[in-house]
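See structure below.
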There are 2 protein chains.
Amino acid sequence: MDDERDVRRRVIEAADRLFYAQGIQAVGMDAIRSEARVSLKRLYSLFASKDDLVAAVLADRSRQWDAGISAAAASAEGPRERLLAIYDFLGTWFREDGFRGCAFINSFGELGGVSPQVAEAVREQKASFRRYVDDLVAEAGGPPALGAQLAILAEGAQTTAAISGDTTAAADARTAAETLITTALATSG
Amino acid sequence: MDDERDVRRRVIEAADRLFYAQGIQAVGMDAIRSEARVSLKRLYSLFASKDDLVAAVLADRSRQWDAGISAAAASAEGPRERLLAIYDFLGTWFREDGFRGCAFINSFGELGGVSPQVAEAVREQKASFRRYVDDLVAEAGGPPALGAQLAILAEGAQTTAAISGDTTAAADARTAAETLITTALATSG
DNA sequence: TTGCCTTGAGAACGATCGTTCTCTACTCTA
DNA sequence: TAGAGTAGAGAACGATCGTTCTCAAGGCAA
């Protein structure tokens with residue numbers, strides 16, 4: 001018998017796969033039901049509505065992102081290397097099969113104008129990443145403006161890789177980040 | 001009597017307003033009909049399908065973008081200033097009422113996975129911008145990699161401004177661009 | 001004026017979607 | 001074994017969408 005937690009996880013992962021590949025509105029609850037091998041009744045007992053499921057998927061993506069960034073930072077020494085590890089993490093992500101950009105950016109583009117919940121979830125995810133970068137910049141002794149610059153590079157790399165399919169955007173962003181960090185530390189130090 | 005060209009323009013502008021504010025799938029043909037004050041019959045005589053209208057709207061957005069970039073570059077002297085003018089252009093755009101990010105990025109996030117036409121239109125728009133940047137970089141005597149970096153900054157500024165609502169992303173990107181250009185020219189020259 | 005063609009307004013159609021309901025099969029308890 | 005409760009499969013419902021069709025009103029040639 002399937003544990004409720006297992007089923008919940010299976011539904012979230014199935015929905016995430018479909019949403020990410022096709023967009024949220026293009027995926028019906030029935031397709032999610034099929035992909036997750038769950039009855040509609042069970043699906044709606046776990047999530048009250050599609051909006052709820054979307055929120056759960058975004059929350060899960062947020063956890064995955066944090067875990068990925070943390071893992072990439074774990075093998076880096078010092079704040080500067082941990083900052084640069086962000087772009088290495090992006091690079092391996094971009095090369096994954098089926099990569100289609102940042103799910104948060106995509107969701108915002110699709111539903112940010114009509115769904116305040118989605119818009120807020122995306123904003124919070126980006127604000128959280130921004131805080132992470134700012135903290136590392138402060139730890140490295142860099143000026144606050146550097147955090148904004150490095151975050152912009154990360155966002156730009158994601159959109160560029162998604163649209164043009166050019167996975168080298170991560171390496172380009174990393175090179176730019178190195179220059180910006182070096183310059184900022186030389187000026188402020 | 002309304003000239004066919006006038007009506008066509010009115011429809012494209014109405015559809016663009018609605019698509020940009022709410023997303024493409026969230027806007028029905030009937031809403032466009034109302035906004036443009038055109039009969040459904042006339043709408044379908046001008047555009048064979050919603051897909052055709054979407055393509056026309058994106059093409060029009062592309063022309064607007066080119067015109068805006070050109071206008072911003074017109075008052076700048078030399079390739080370096082024309083490159084930086086891009087970020088000034090972004091800054092004034094970000095501050096406009098109803099700004100909700102780059103329509104191409106948004107459209108790609110919404111329909112890039114299911115509509116090859118939309119995906120291709122967005123790709124072409126971004127490739128065209130990239131060529132523009134690359135040409136200016138070459139004119140300035142910078143290395144090819146600089147073009148990629150500056151384009152990533154522009155994309156990242158658009159995404160950041162859209163989601164966080166932070167209009168200073170343009171200025172942050174401009175500052176970063178100045179550093180990258182200066183460093184690249186000092187190294188290569 | 002008469003008849004024809006075009007046009008606008010919106011009803012209608014077929015498809016799809018989110019959500020709920022029905023019905024059946026099955027499991028567990030007493 | 002009998003009966004109550006649960007869960008799955010999918011039909012059904014109401015809404016909405018893209019698209020087409022109907023029909024009445026109006027302009028224009030003769």
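Residue numbers start from 1 in every chain, and the chains themselves are labelled A, B, ... in the order their sequence lines are given, proteins ahead of strands.
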Under 4.5 Å between any side-chain heavy atoms of B:Leu150 and B:Ile86, yes or no? no

Evaluate A:Arg63 against A:Asp60 for salt bridge (Lys or Arg N to Asp or Glu O under 4.0 Å), listing each step before the verdict. CA-CA 5 Å; A:Arg63 277 189 293 271; A:Asp60 195 64; 3.5 Å; yes

Within residues 15-23 of chain A: residues closer than 4.0 Å to DNA chain C (heavy atoms): none

Pi-cation contact, A:Phe19 with A:Arg61 (under 6.0 Å, within 45°): no

Mind checking whether A:Trp93 and A:Trp65 have parallel, tilted or perpendicular rings, split at 30° and 60°? perpendicular

Do A:Glu4 and A:Arg42 pass the salt bridge (Lys or Arg N to Asp or Glu O under 4.0 Å) test, and can you show the C-alpha distance, the side-chain angles, and the key distance before you say yes or no? CA-CA 9 Å; A:Glu4 168 160 328; A:Arg42 191 116 192 229; 5.6 Å; no

Which pair of non-hydrogen atoms, one from B:Gln158 and one from B:Cys102, has the smallest distance, and what is that distance? OE1-CB, 3.1 Å

Detail all sub-3.5 Å separations between protein N/O atoms and N/O atoms belonging to nucleotides 25-27 of chain D.
none

Take a 6.0 Å sphere around CD of A:Glu120 and say whether it holds more than 12 heavy atoms from other residues, nucleotides or ligands. yes

In whole angstroms, how far is the C1' atom of C:dT7 from the CZ atom of B:Arg33? 14 Å

Report the distance from atom CZ of B:Arg37 to atom C1' of C:dA9, rounded to the nearest whole Å. 16 Å

4.5 Å side-chain heavy-atom contact, B:Val133 and B:Leu83: yes

Within the structure, does a side-chain N or O atom of A:Arg42 lie under 4.0 Å from either OP1 or OP2 of D:dG8? yes

Quick tally for nucleotides 13-23 of chain C: nucleotides whose base has a protein heavy atom under 4.0 Å get B, sugar-phosphate-only ones S, the rest -, giving -----SBB-B-

Looking at A:Arg33 and A:Asp30, does any basic side-chain N land under 4.0 Å from a carboxylate oxygen? yes

Can you confirm whether B:Ile24 sits close enough to B:Ser107 that some side-chain heavy atom of one is under 4.5 Å from a side-chain heavy atom of the other? yes

